[in-house]
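Structure, as structure tokens:
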Amino acid sequence: MSDKAVLAYSGGLDTSVAIKWLKEKYNLEVITLTVDIGNVADLEAIRQKALDLGAIKALVIDAKEPFINSFVFPALQADALYEGQYPLATALGRPLIAQLLVDTAKREGATIVAHGCTGKGNDQVRFDVSVAALAPELRVVAPAREWNMTREQTLAYAQSHNIPVPITVSSPYSIDENLWGRSIECGVLEDPWNEPPKDVFAWTKSLEETPNQPDYVLIVFNKGIPVSLNKERLGGVTLVQRIHELACEHGVGRIDHIENRLVGIKSREVYEAPAATVLLQAHQALEDMVLTKEQLRFKAKVAGEYADLVYNGLWFSGLRQDLAAYVESSQRYVTGVVKVKLYKGKCQIVGRKSLYSLYDFSLATYDKGDVFDQSASPGFIHIWGLPVRTQAKVQPAKPPE
Ligand code: ARG
């Protein structure tokens, strides 16, 4: 009897070729697993295609809820942005897909899990390391990393094996999308001087097409989790989808990033991350109001570290879990409402309110009602400036010639 492999299957060219290749090369029985974390077109057609190509079973899992609640929202609470720009949509999806591959392999008695990543990117690392963390006894096979075929060779293989080539192959880009964002690379984008052409963007309107009237959005956070939009209480998935629609309409969330991959390559990736852009900004605006200066400074360092861990495939590492515990603790008073204005590609924070606000009007105001004791300032400054005066006496700010 041949061994079984569970293959993460998108329905695209590479993973379709992989079904045949795993059978031909390793004589494996292939079970496909298609995970819906948003924006998968026709799940039933994908399932049928897998079976037509010889998969012994084709499974589909709707994982939108766990994706948002267990991966995206913790990253939002952490303010995770890789290199200050990329909200990590693809990077957050991978560990969840790996987890579902592992669960499925165990249930189906498979000894192998497989994915369609090449050997040049970050995604192979995320899959392999996540599987290793969850089920070190499973073997990971990455056909596209092993077969080393060019695009043309893959197409030729598909033709000779009666694999229907999806029309999307005519797209010159490599695209990955889920509820948190859309990642686009390859084609003309490989020249970093080229402005992304119109057809790169599938979600967000170009500035020329956006309305001439702004939209105002009220987002309520409870302990750092968004729970209501424009006074309507919504579950995580629906809330993200609604913000997505509003932000797309105003052209918000286009990102053009020269990023540093884990494997040492600089690559140019264009992102559409409308919901992520709005929610990350709104969340930080609320934190600015309820966290102290010291908490904010420290949390920003954690955010950078957290984003690196997610990007580098270390979601299931001990350190990511430790940082997540800190982040969770930091959110205990991040409750309140943020007013956001969406207009001409911009997301502006125009108001914020919280029961736990540390902003004290009577301290901040220059008008009547001021309770700040200005007479205490000279004494404070005397001591604050003491080391500078001591140093200036022996080490003048302008050194002698
Ligand atoms: N550069 C992003 C990351 O490493 C996205 C990778 C997938 N991109 C794609 N266009 N298929 O997370």
Side-chain angles (χ1 to χ4, degrees), residues 1-68 70-71 89-90 92-117 123 126-127 130-131 135 138 140-144 147 154-155 157-171 174-180 182-183 202 237 241:
M1 220 183 73
S2 40
D3 285 334
K4 286 186 204 159
V6 181
L7 167 71
Y9 184 61
S10 68
L13 177 65
D14 286 337
T15 50
S16 294
V17 167
I19 296 178
K20 295 263 181 191
W21 189 90
L22 286 166
K23 174 129 193 68
E24 220 172 68
K25 170 104 191 217
Y26 292 119
N27 191 31
L28 294 172
E29 294 197 323
V30 179
I31 297 168
T32 59
L33 174 66
T34 304
V35 179
D36 179 8
I37 48 176
N39 299 88
V40 182
D42 187 346
L43 286 165
E44 189 40 41
I46 294 177
R47 224 180 67 78
Q48 195 51 53
K49 184 170 174 186
L51 295 172
D52 293 346
L53 292 173
I56 59 160
K57 218 182 215 186
L59 303 168
V60 168
I61 297 180
D62 178 346
K64 294 197 283 288
E65 296 279 346
F67 179 54
I68 291 298
S70 306
F71 291 81
T90 300
L92 287 164
R94 299 315 189 191
L96 171 57
I97 298 171
Q99 189 171 48
L100 295 169
L101 282 173
V102 167
D103 293 348
T104 308
K106 291 196 169 155
R107 210 175 333 105
E108 300 288 338
T111 52
I112 293 168
V113 293
H115 59 72
C117 305
D123 287 327
R126 297 167 185 154
F127 277 121
S130 297
V131 172
L138 289 176
V140 184
V141 175
W147 69 42
T154 316
L155 284 166
Y157 184 101
Q159 257 136 27
S160 64
H161 289 73
N162 286 323
I163 300 171
V165 175
I167 8 169
T168 49
V169 164
S170 63
S171 158
S174 158
I175 297 164
D176 178 67
E177 51 185 51
N178 62 45
L179 287 168
W180 202 230
R182 184 167 178 271
S183 311
V237 172
Q241 285 168 331

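Closest approach of G116 and A144 over heavy atoms only: O-CB, 3.6 Å. Residues A89 and N178 share a closest heavy-atom pair of O-ND2, 3.0 Å. When every heavy atom of L179 is checked against every heavy atom of G38, the shortest pair comes out as CG-CA, 3.8 Å. Shown here for I19 and A50, the closest heavy-atom pair between the two residues is CD1-CA, 3.9 Å. Between A63 and I37 the shortest heavy-atom distance is O-CG2, 3.8 Å.
Applying the ring pair (Phe, Tyr, Trp, His ring centres under 6.0 Å) test to F71 and every residue at least two apart in sequence or in another chain returns W315. In terms of the side chain to side chain donor-acceptor pair (under 3.5 Å) criterion, T34 has no residue partners (sequence neighbours excluded). With sequence neighbours left out, F127 forms a ring pair (Phe, Tyr, Trp, His ring centres under 6.0 Å) with H115. With sequence neighbours left out, D3 forms a side chain to side chain contact (heavy atoms under 4.5 Å, CB included) with L28, T111. Residues satisfying the side chain to side chain donor-acceptor pair (under 3.5 Å) test with T15, not counting sequence neighbours, are S10. D42 meets the side chain to side chain contact (heavy atoms under 4.5 Å, CB included) test with E44, A45; sequence neighbours excluded. For D176, the salt bridge (Lys or Arg N to Asp or Glu O under 4.0 Å) criterion is met by R94, not counting sequence neighbours. A search for side chain to side chain contact (heavy atoms under 4.5 Å, CB included) contacts involving I175 returns S171, Y173, E177, R182, I184, not counting sequence neighbours. Residues satisfying the side chain to side chain donor-acceptor pair (under 3.5 Å) test with Q48, not counting sequence neighbours, are D52. Here T154 pairs with L13, D14, V17, W147, M149 under the side chain to side chain contact (heavy atoms under 4.5 Å, CB included) rule; sequence neighbours left out.
For the atom pair CG of L92 and OG of S70, the computed distance is 11.5 Å after rounding to the nearest 0.5 Å. In this structure, N27 CG and S2 OG are separated by 4.5 Å, a value rounded to the nearest 0.5 Å.
At least one side-chain heavy atom of L33 sits less than 4.5 Å from a side-chain heavy atom of I61. Considering only heavy atoms from C-beta on, Y9 comes within 4.5 Å of K49 through its side chain.
Residue pairs meeting the ring-ring contact (aromatic ring centres under 6.0 Å, His included) criterion with at least one member in residues 27-52: none, sequence neighbours excluded.
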Which side-chain N or O atoms in residues 95-110 pair as donor and acceptor under 3.5 Å with protein atoms at least two apart or in another chain?
| residue | atom | partner | partner atom | Å |
| --- | --- | --- | --- | --- |
| T104 | OG1 | L100 | O | 2.6 |
| E108 | OE1 | K57 | NZ | 2.9 |
| E108 | OE2 | K57 | NZ | 3.1 |

Show your working on side-chain contact (heavy atoms from CB on, under 4.5 Å) between T90 and R126 and close with a plain yes or no.
CA-CA 10 Å; T90 300; R126 297 167 185 154; 4.0 Å; yes
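The backbone N or O of K64 sits nowhere less than 3.5 Å from a side-chain atom of D36 that would complete a donor-acceptor pair.
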